[in-house]
Number of protein chains: 2
Amino acid sequence: MGTEYDVKKEVSDKYSLRGRVFSKLREDILSGKYKEQEELREVAIGEELGVSRTPVREAFRQLELEGLIQIIPNKGAYVTGITPKDVRDIYMMRSLLEGLCARWATENISEEKMEEMEENIYLSEFHAQKGHYEQLAELDNRFHEIMYESCNSKMLEHTLRDFHQYVLQVRKKNLASIQRGKASNHEHKLIMEAIKEKDASKAEQLANTHMINAYQNMINHGFENTIEDHEKKL
Amino acid sequence: MGTEYDVKKEVSDKYSLRGRVFSKLREDILSGKYKEQEELREVAIGEELGVSRTPVREAFRQLELEGLIQIIPNKGAYVTGITPKDVRDIYMMRSLLEGLCARWATENISEEKMEEMEENIYLSEFHAQKGHYEQLAELDNRFHEIMYESCNSKMLEHTLRDFHQYVLQVRKKNLASIQRGKASNHEHKLIMEAIKEKDASKAEQLANTHMINAYQNMINHGFENTIEDHEKKL
DNA sequence: ATGCGTATAATTGTATACAATTATACGAAA
DNA sequence: TTTCGTATAATTGTATACAATTATACGCAT
């Protein structure tokens, strides 16, 4: 009953100019192409990408709401950027919310999603052994996506997806360590098992720790030099 | 040192057409003027508000990112709405994040903000006794705002402000109970004292409970009939 | 030289025109 | 009657034109 359309929700439609501008700008900001406080001019961006101001402006409004730029009315759009401290904060927030997500997923996950999760674990172990980084990263993303989709909360799903997207660039480099890859897989497996056993508290606690570990690993592999400069500000 | 511009960050600039359209639509969606799945047409909205499609479109893009509408490319904008379950989920998420915010505020709050917070408590007690609902609601908002501003985390501040805004409409009715008002004040006071004593864990736990209580009170005063219909879906 | 005021340029805000896509109506064939 | 295809209308996507605001340059008075 109830015909369900599995409309694949694109983060931003790839086939509209606005969507492409949005994605491009977000990527450029997160990758550091545009420095903090740099002013983004509509015509300049438009010319660079070969589009008019209209889609650029719409993309700007979205970027503002994502917190990546600040728009001062009648003045301009300024890059907010993402600092190492922002990344830290997001991981702390994610730690709590991914925990909640794991808890709710335990209570609401469907048969199909549960199976997909198990499959994800086994595939990950395979690719980890083979050293297939790209597939591993993809499966890692997918694992979290499955959790988001299974928690039965539009709001939480939306929030976590945002955060996930936000730190994706930074995380890419991180998972490219085979050790962390394997450790991460193991943690995923424990979470999956807790969900399967319907032990919500355990799943929550594990997901919690999983995020902390991911962050800890990150600052132990090339991220600490940048974060330490900012730690002093804390 | 370091001239600090106290640029008051408006949620969305009131003086641009786009900002007004955005605020109006958000209010109308949250208040239930537009039903779920209802299609919003750019020209219709524009004519109703006396503006062209341009500001309407930009507002749409923002509403989409806030999750209030879903835009299907080349097709239309459909109201997502906010269900009682969404409200519940947000309160659960807020419970965790307000806790984290209280913890960080304990570690980072400035002298000035600490004093403003104390002042806020005393003023609230006064207005609670007098039965001044509007001032009480305003002070309640401000208390949380002070916390957000004091946690020293742009990301967390941004996220919590979003959530806060999201449930504002619903919450209005809620605080208009003098009992809850006083109870809420007392909880604020305990949080404030914990922050002042630099007991971060205590502050976190109190802020945590404060949110749960606020939600519990809400569903016990006129919200439960609507939520219960949705509880069955859980 | 410095500060101020005005004119000019640059930039953003909004409206409108046009293009592309999607929905609808209607008629012909089965 | 139903189904399909096509023409038409409606709606969104994009570009451009114009208005309003802000930044800049330059001359003048001090």
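We name chains A, B, ... by the order of the sequence lines, and we start the count at 1 in each one. All heavy atoms count here, side chains included; hydrogens, waters and symmetry mates do not.
Atom CZ of Arg57(A) is separated from atom P of dT11(C) by 14 Å (rounded to the nearest Å). Between the CD atom of Glu47(A) and the P atom of dA10(C) there is a distance of 13 Å, rounded to whole Å. Distance Leu17(A) CG to dT12(D) P: 17 Å, rounded to the nearest Å. In this entry the distance linking CD1 of Ile72(B) with P of dT22(C) reads 11 Å, nearest Å. Atom CD in Glu42(A) sits about 16 Å away from atom P in dT21(D), given to the nearest Å. Between Tyr15(B) atom OH and dT21(D) atom P there is a gap of 14 Å when expressed in whole angstrom units. One interatomic measurement links the two molecules: CZ of Arg41(A) to P of dA10(C), which rounds to 11 Å at whole-angstrom precision. The CZ atom of Phe22(A) sits 15 Å away from the P atom of dG13(D) (whole-angstrom rounding).
Ranked by how close their nearest DNA chain D nucleotide is to the 5' end, Ser52(A) and Tyr78(A) are led by Ser52(A). Place Glu58(A) and Pro73(A) on DNA chain D by their nearest nucleotides, and Glu58(A) ends up nearer the 5' end.
Using a 4.0 Å heavy-atom criterion, one finds that Leu40(A) contacts the sugar-phosphate atoms exclusively. When heavy atoms are screened at a 4.0 angstrom cut-off, Ser16(B) is found touching the sugar-phosphate backbone but no base atom.
Residues Arg26(B) and Gln62(B) bring no donor and acceptor atom of their side chains to less than 3.5 Å of each other. For the residue pair Asp162(B) / Thr159(B), no side-chain donor-acceptor distance below 3.5 Å is found, with atom types taken as modelled.
For His158(A) (side chain) and Leu65(B) (main-chain N/O), a donor-acceptor pair under 3.5 Å exists by modelled atom type.
Not one side-chain nitrogen or oxygen of Thr54(A) sits closer than 4.0 Å to the OP1 or OP2 atom of dT14(D). Contact check, Arg61(B) against dG13(D): a side-chain N or O comes under 4.0 Å of OP1 or OP2.
Listed candidates were dA15(D), dG13(D), dT14(C). Nearest to the side chain of Arg53(A) is dT14(C). Picking from dT21(C), dT14(C), dT21(D) the nucleotide with the shortest atom distance to the side chain of Asn74(B) gives dT21(C). Closest to the Lys75(A) side chain, of the nucleotides dA23(D), dG13(D), dT11(D), is dA23(D).
Under 4.0 Å is where a charged nitrogen must lie from a carboxylate oxygen, and between Arg161(B) and Glu145(B) at least one such pair does.
Taking 4.5 Å as the limit, some side-chain heavy atom of Ile72(B) sits within range of a side-chain heavy atom of Tyr78(B).
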